[in-house]
Protein chains: 2
Amino acid sequence: MKRISLSDIALECKVSKTLVSMVLNGRGDAYGISKETQERVYQMAEKYNYKPNQIARGLRLGRSNTIGLVVSDIANPFYAKIARGVEDYASKAGYNLIICSTDENVEKEMALLRMLKERQVDGLLISTTFSSSREILSLMKDNVPFVLIDRYFPHTDTNYVVIDNYKGGYEATEHLIKLGYTRIAHMTLTPSHITSLKERKRGYVDALKKYNIRINKKFLCQIPYGDIKRHVYKEVRELLSSPNNVQAIFLANNNITLAFLECVSELKLRIPHEIAAVSFDDIELFRVYYPQITAVAQPIDEICRESVRVLLDEIKNRENPVREKARIKLDPNLIVRESCGHFYRKS
Amino acid sequence: MKRISLSDIALECKVSKTLVSMVLNGRGDAYGISKETQERVYQMAEKYNYKPNQIARGLRLGRSNTIGLVVSDIANPFYAKIARGVEDYASKAGYNLIICSTDENVEKEMALLRMLKERQVDGLLISTTFSSSREILSLMKDNVPFVLIDRYFPHTDTNYVVIDNYKGGYEATEHLIKLGYTRIAHMTLTPSHITSLKERKRGYVDALKKYNIRINKKFLCQIPYGDIKRHVYKEVRELLSSPNNVQAIFLANNNITLAFLECVSELKLRIPHEIAAVSFDDIELFRVYYPQITAVAQPIDEICRESVRVLLDEIKNRENPVREKARIKLDPNLIVRESCGHFYRKS
DNA sequence: AATGCAAGCTTAATCGATTTAACATCATGA
DNA sequence: TCATGATGTTAAATCGATTAAGCTTGCATT
C-alpha cells in the first residue's frame, strides 16, 4: 500500500539511491553506470511501478513545474478558453496549471497570490483586478516571474500580453457610425478601473469624437459586476425610452452581452431593427444566435501562446533580472455579422 | 532576493527552527512558549515577510493540499462551471485545483493521471473517458482517493457523483412525445462508450418503446468528437430530407446542440415549426436564444458540492479503506421553454 | 613496485518544513 | 536534601529526491 520511493528501489537492487536517481533520470550512461546495473534498476522500477515524488524533487530543485493562472472567473467562457490554451502550451513544456478565480475581488486576489507563492509556483499568468500596480510590484520584490494578461498597467515595467482594447472599442463604434447610427450607447462594467474595459470605453468615446458625435452621458452605462442582469434590464429600458431613443449599443464584454440578449429576448426587441449591437469578445453563442452578433474577437490562441512563451522565458532567465520586459499588444478582430444591420435615417 | 525560510527566522530570533515552526502554526501556547518569544517570532516573520514553503511542508506531511480535476475539455461551458464550483468548495477546505483536459483521449488521460499521482495530489475528481473500469481500478491499487463525476461504471465499486442520465433522456423524449411528436431523432457523440451519453440514449429508446413508437435506426445519429460541426450538418440535412422527415430531435449535450443551432441558423430552419429540439445540459445560450431552448439541466452546484465533500471525506479516512463507497445519483431537471412548441398533426 | 587513471559506485549534504524525544532550569513539597 | 514537576527550549530524524565529492577496484604504465 505504501508508495514506492527511490530508496526502496535502491534497497531492492542493492545499490545506492544516487545510482537509481542517475539511471532513472536517463543519465546512467553519462555517469558511467554499467549496462547490467541500469537494466536491473529499470526492471525494478517497472516491477514496483515506481513513480518519482515530484514534491520531493521540486523541493530539492527549487521548482514546482507549476504555474498559476489567476482570472476573475474560470466559468466565463473567455477565461475558460484562455485556461484551455494555456493548459495546452504549458503542458507541452512540462508545466501544470493551478487555476484561481478572483471574482473581481482585490482581497481575494491578494490571498490567492500569496497562496500561489507559498505553493512555490514557478510563474504566474495574471488577469489582475487590481486598480494600481502597487500590489503587482510586490510580486517583483518576491522575484516571482509573472506575465499580465488581458489587463495591464501601461506605465509599469512588467511583462504583459494584452490586446489593443482601445482599437477594438474604436473599431466597434466606428462600425456602427459608418452604418449610419448616431445615437450609440456603451454598456460596461464597474469596477471601472479594469484597464481593458477602460480602454474599450476610451475607444468608444474617441470614435464618437472623431465623427463629431456629441457624447451623451446618459448613453454610458456602468453595470456593477455581481448584479449584471438586473442592471442591464434597467439600463436597456431607459436607453430605449423616448427622450433617449438609442439606436445602437456597444457592449463591453460577453457577460454584459449575455445579459443584454436575455433582456432583448424578454422585451421582444428586434435586433438590429429596434437596437443594433456590437459586442466585445466572440463566443460561440454569437455565431449561433439569430441574428448573428457582430463582435470584436480576441486572438485567444495567440494570447495563450505568447503569454506562456514569455513566462517560460522569464522563468528560464530568472537569474538575470535586468532584461527587457516583453510588452506584447495583439490586434483584436472585428467580425461583422448581422446584428448591426444598416440604419435608415427616419426622414 | 533569496526567499526567507524558517531557519532564517530562527537564526534572526536566536531560537530553534522547532520553536518558530510551533509558534507560526499557532501552537505556541499549546507548547508553552513564552508570550515574549512568540511575539518576537511573529514580529520577525512579519518583518521579513516570511511565507512557509508549502512544498517542503507537503513533503514532510505527506500531502499536497491539491486535488486534480480531470475532464474532457475545460473550455466546454459545462466543465468550466464544474471547475468553478469545485474550485470554490475545495478552496474553502484549503485545497487547490490542478485542472487537466483529456480531449476524450484515453492515452492522454492515462498520462495525466500518472502525472497527477507523481505530483502527489491528495485526491482526484475524474470525468473519465475510459471505456472500462480497468484503468480506474489501477488508481485504487495506488491508493489515491478519487471520485468519478459525470461518468461512472455502475458495476464497479468506486465513489461517484453523477446524475440520472437515463431519467434525463427519458424525460426529454417523453416531453416531445407528449407534445404530439412521433418522428423523433437523437443525436449523440462517439466514442459511444461514454456512460452518460449511453444512458441518455437508453432513456430515449425506452421512452419511445413505452409509447409504442417504432425505433428508426436512421433517427439515431452518432457524431464523432473532434469533427462535430461538419457531421451535424450532414445528419440534419438527411434527417429533414423527404423519406425521413424528422419532426423533433433530442440532442445529447451542449456541444452537439451548439453545432445544431449553428446549422439551423445557416439553413434558416425555424424552431420548433420545422424541427423541435430538446437539449441535454443547460447553458446560458439556451435562455438567450430565440426561441429559448428547452433543456435538461444538471444540478451543477450540487454535483460540485457533493463530489468535493465525498472526496475530502475519502482523503480524511484514507487509512480506513474498507468503507462503503459513496454512490450518489442526482436528478436532472427538465426546463421547459419554447423550442418544442406543440406538434399539430398534418391532417 | 609504485603511480596514474578510468570505470563503477557510494557517502553525505541539501532543499525547508514538522515532530519526537530530550534537555536544562527553577520552584515545590516531602 | 533530594525527588518531582512544570516551564521553556532544542537536537536530530524525517519526508524523497538530487548532486558534489570521494572511494574502491583493477589495469596499464613507468
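Quick caveat, the model's predicted, so the values are computed rather than measured. Numbers restart at 1 for each chain; the letters A, B, ... are given by sequence-line order, proteins then strands.
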J.: Pick base, sugar-phosphate or nothing for R27(A), based on heavy-atom distances below 4.0 Å to the nucleic acid.
T.: sugar-phosphate
J.: Pairing donors with acceptors under 3.5 angstrom, does anything connect the side chains of T129(B) and R151(B)?
T.: no
J.: Only one of L112(B), L113(B), L69(B) forms a side chain to side chain contact (heavy atoms under 4.5 Å, CB included) with C100(B), so which one is it?
T.: L112(B)
J.: Scan the side chains in residues 54-62 of chain B for donor-acceptor partners under 3.5 Å anywhere in the protein, sequence neighbours excluded, and list what turns up.
T.:
{"unit_1": "Q54(B)", "atom_1": "NE2", "unit_2": "E118(A)", "atom_2": "OE1", "d": "3.0"}

J.: Do any pairs count as a ring pair (Phe, Tyr, Trp, His ring centres under 6.0 Å) and have a residue in residues 21-79 of chain B, sequence neighbours left out, and if so which ones?
T.: none
J.: If I take atom CZ from residue R318(A) and atom CZ from residue R63(A), how far apart are they, to the nearest 0.5 angstrom?
T.: 10.0 Å
J.: Carefully, step by step, assess L124(B) and I67(B) under the rule side chain to side chain contact (heavy atoms under 4.5 Å, CB included).
T.: CA-CA 6 Å; L124(B) 289 163; I67(B) 70 185; over 6 Å; no
J.: Five pairs at each end of the helix from dA1(C)-dT30(D) to dA30(C)-dT1(D): take the axis at both ends and give me the angle between them to 10°.
T.: 80°
J.: Can a side-chain donor-acceptor contact be found between Q38(B) and D29(B) if the only test is distance below 3.5 angstrom?
T.: yes
J.: Please determine, by modelled atom types, if T18(B) and S21(B) share a side-chain donor-acceptor pair under 3.5 angstrom.
T.: no
J.: With rounding to the nearest 0.5 Å, note down the distance linking OG in S307(A) to OH in Y160(A).
T.: 14.5 Å
J.: Any carboxylate oxygen within less than 4.0 angstrom of a Lys/Arg side-chain nitrogen, looking at K81(B) and D301(B)?
T.: no
J.: I'd like to know if R3(A) pairs up with D8(A) as an ion pair, taking the criterion as any Lys NZ or Arg NE/NH1/NH2 lying under 4.0 Å from an Asp or Glu carboxylate oxygen.
T.: no
J.: Which letters describe nucleotides 8-17 of chain D, given B = protein heavy atom under 4.0 Å from base, S = only from sugar-phosphate, - = neither?
T.: SBBBBBBBBB
J.: How long is the line joining CD of E39(A) and P of dG8(C), in whole Å?
T.: 16 Å
J.: Shortest non-hydrogen contact from D103(B) to K108(B)?
T.: OD2-NZ, 3.0 Å
J.: Could you pull out the protein-nucleic contacts involving nucleotides 23-26 of chain D (nitrogen or oxygen on both sides, under 3.5 Å)?
T.:
none

J.: With a 4.0 Å heavy-atom cut-off, tell me which residues in residues 110-124 of chain A come close to DNA chain C, sorted by residue number.
T.: none
J.: I'd like to know if D88(A) pairs up with K92(A) as an ion pair, taking the criterion as any Lys NZ or Arg NE/NH1/NH2 lying under 4.0 Å from an Asp or Glu carboxylate oxygen.
T.: no
